[in-house]
Peer 1: 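Dropping the structure in here first, questions after.
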Amino acid sequence: MTVDDERAQALLQVMRGAGSVSAAARVTSLEQLQGGFSRQTYVADVHDPEQPGGERGFVVRVHAEGSVVDTDLEQEFRTYQALEDEPVPTPGVHGFRPEKDPAFGGPFFVMDRLPGDAVNVWRRRDRAALTADWEGARGLAEDFVQHLAAIHLVAPDRVSAFIAPRSFAETVALWRTRWEEIRLLRDPVVEEAYAWVLDREPVPVTPRLVHSDYRVGNCLIADGRITGVLDWELAHLGDPRFDLAYMSLDYHGGKFTAPGSPLLGGVADREWFFERYAQLTGEEVDREVVRTFAVVGALMLYALLSTGVHAYATGVSTDIRQAWGRFTLPGLRQDLVGLMGWRRTDWR
């Protein structure tokens with residue numbers, strides 16, 4: 001039996017246990033996708049003569065050793081489960097193996113493969129396509145804001161059994177600890193930014209489901225509409241304004257070593273997005289609170305990208321993209337300075 005056959009059998013075992021496929025099902029293709037800093041991802045085609053249509057596509061999410069971001073795979077699986085009845089387009093799930101599987105190298109779960117592809121805001125042609133949507137039908141822009149509003153309107157008790165609430169101070173402490181554990185060098189700008197956000201702690205709100213990495217690159221798109229919102233491994237119960245701020249960072253508009261799109265997240269005009277969000281949720285967007293959370297989001301990115309650089313430098317990862325983070329860090333420092341008001345910005 002080859003390694004691929006072992007993986008196929010492990011996949012079928014979990015799916016049969018979940019009642020998703022019959023005993024006659026067989027895996028016709030299984031391929032690992034490139035990318036994934038916290039998960040390894042495989043796509044599979046399964047032929048099941050006892051199911052309508054016979055052919056179905058699935059995705060396998062694996063928490064493998066050496067992941068740069070160590071997050072709870074079961075929480076991610078249960079989040080997808082909880083969202084199946086919510087107006088947020090997410091894939092259905094088909095079984096979870098919590099113990100380390102020798103075939104895949106770690107615990108894994110299986111979910112549906114949705115139609116569509118992810119865009120890359122750091123690629124010029126993808127930014128142009130997003131701009132064309134904004135200047136035209138705005139179907140993608142409307143989906144993007146509607147789905148975020150729907151996430152924040154999920155009843156907290158739908159997920160509170162497996163996602164613990166996290167306060168503002170706890171969120172700041174989480175990423176500060178991560179940065180200090182792998183600090184590549186002493187950085188007075190970053191140190192000042194942590195002090196700055198703690199001095200501006202906003203008045204707490206009722207904790208809501210927060211995606212924590214909501215951006216167009218974590219969505220699937222087909223025919224100009226969003227077909228799926230993916231990558232829930234950083235989700236927590238907290239202040240929903242974190243998502244609004246994080247997605248607003250220039251980095252998520254395609255800024256790497258050069259400026260990207262002027263649109264929020266590469267998708268929509270900032271004020272239009274905030275106003276439309278307020279209409280959908282009934283909650284006005286406090287721009288100063290968003291500015292505070294934008295610094296928190298930039299600090300999270302700084303910690304994550306530094307972790308990737310450190311992982312590559314120490315041999316934990318051989319993914320060259322991890323090393324590329326070093327080119328992004330200077331731009332993030334610039335953004336921190338601007339957001340804190342040391343130079344003129346458009347946040348106020």
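Counting from 1, the numbers follow the sequence of the chain as shown. Only this structure's heavy atoms are used, side chains among them; waters, hydrogens and symmetry mates stay out.
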Peer 1: What pairs with Glu170 under side-chain hydrogen bond (donor to acceptor under 3.5 Å, both in side chains), at least two apart in sequence or on another chain?
Peer 2: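 Testing Glu170 for side-chain hydrogen bond (donor to acceptor under 3.5 Å, both in side chains), a comparison that skips the adjacent residues, returns Ser167.
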
Peer 1: Salt bridge check, Arg7 against Asp101: does any charged N sit closer than 4.0 Å to a carboxylate O?
Peer 2: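 Arg7 and Asp101: not salt-bridged.
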
Peer 1: Verify the neighbour count for atom CZ of Arg123: are there more than 12 heavy atoms of other residues, nucleotides or ligands below 6.0 Å?
Peer 2: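 Above 12, so yes.
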
Peer 1: Has Glu284 got more than 12 heavy atoms of other residues, nucleotides or ligands less than 6.0 Å from its CD?
Peer 2: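 No - once you tally the heavy atoms of other residues, nucleotides and ligands closer than 6.0 Å, there are 12 at most.
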
Peer 1: Checking side-chain polar atoms at under 3.5 Å, does Thr71 have a donor or acceptor matched by the opposite partner on Arg39?
Peer 2: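 Note: Thr71 and Arg39 side chains meet the donor-acceptor criterion.
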
Peer 1: Should the pair Phe77 and Phe109 be assigned to parallel (<30°), tilted (30 to 60°) or perpendicular (>60°) ring geometry?
Peer 2: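 Ring orientation of Phe77 relative to Phe109: tilted.
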
Peer 1: If you measure from CH2 on Trp324 to OG1 on Thr257, what distance do you get to the nearest 0.5 Å?
Peer 2: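 The distance works out to 12.0 Å.
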
Peer 1: Taking the six-membered ring of Trp272, is the NZ or CZ of Arg270 close enough (under 6.0 Å from the centre) and on axis enough (within 45°)?
Peer 2: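 No, Arg270 does not sit over the ring of Trp272.
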
Peer 1: Is the closest side-chain donor-acceptor distance between Arg78 and Gln81 under 3.5 Å?
Peer 2: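 No donor-acceptor contact under 3.5 Å links the two side chains.
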
Peer 1: Is the shortest side-chain N to carboxylate O distance from Arg61 to Asp231 below 4.0 Å?
Peer 2: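 Salt bridge between Arg61 and Asp231, a charged N being under 4.0 Å from a carboxylate O: yes.
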
Peer 1: If you count the non-hydrogen atoms of other residues, nucleotides and ligands that lie under 6.0 Å from CG in Asp223, is the total more than 12?
Peer 2: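 Open: at most 12 neighbouring heavy atoms sit under 6.0 Å from CG of Asp223.
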
Peer 1: Is it true that Glu288 and Arg241 have a side-chain N and a carboxylate O under 4.0 angstrom from each other?
Peer 2: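 Salt bridge flag = no for Arg241 with Glu288.
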
Peer 1: Can you tell me how far the CZ atom of Phe273 sits from the CE atom of Met247, to the nearest 0.5 Å?
Peer 2: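 Going from the CZ atom of Phe273 to the CE atom of Met247 covers 3.5 Å.
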
Peer 1: Among all residues two or more places apart in sequence or in another chain, which pass the side-chain hydrogen bond (donor to acceptor under 3.5 Å, both in side chains) test with Glu181?
Peer 2: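 Residues passing side-chain hydrogen bond (donor to acceptor under 3.5 Å, both in side chains) with Glu181: none at all.
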
Peer 1: Just one of Val60, Val43, Val59 clears the side chain to side chain contact (heavy atoms under 4.5 Å, CB included) bar with Leu33, so which one?
Peer 2: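 One option only clears the test, and that one is Val43.
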
Peer 1: Between atom CG of Leu264 and atom CG of Asp269, what is the distance when rounded to the nearest 0.5 Å?
Peer 2: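 If we round to the nearest 0.5 Å, Leu264:CG and Asp269:CG are 8.5 Å apart.
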
Peer 1: First locate atom CG of Leu11, then atom OG of Ser20, and finally report the distance between them rounded to the nearest 0.5 Å.
Peer 2: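 Rounded to the nearest 0.5 Å, the CG-OG separation comes out at 10.0 Å.
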
Peer 1: Kindly assign one of parallel, tilted or perpendicular to the pair Phe104 and Phe108, based on the angle between their ring planes and the thresholds 30° and 60°.
Peer 2: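 Phe104 vs Phe108 ring planes: tilted.
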
Peer 1: Any side-chain to backbone donor/acceptor pair from Arg16 onto Ser22? Under 3.5 Å, distance only.
Peer 2: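 It does hold such a pair.
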
Peer 1: For His252 and Asn218: C-alpha separation, side-chain torsions, deciding distance, then whether side-chain contact (heavy atoms from CB on, under 4.5 Å) applies.
Peer 2: CA-CA 11 Å; His252 296 307; Asn218 279 337; over 6 Å; no

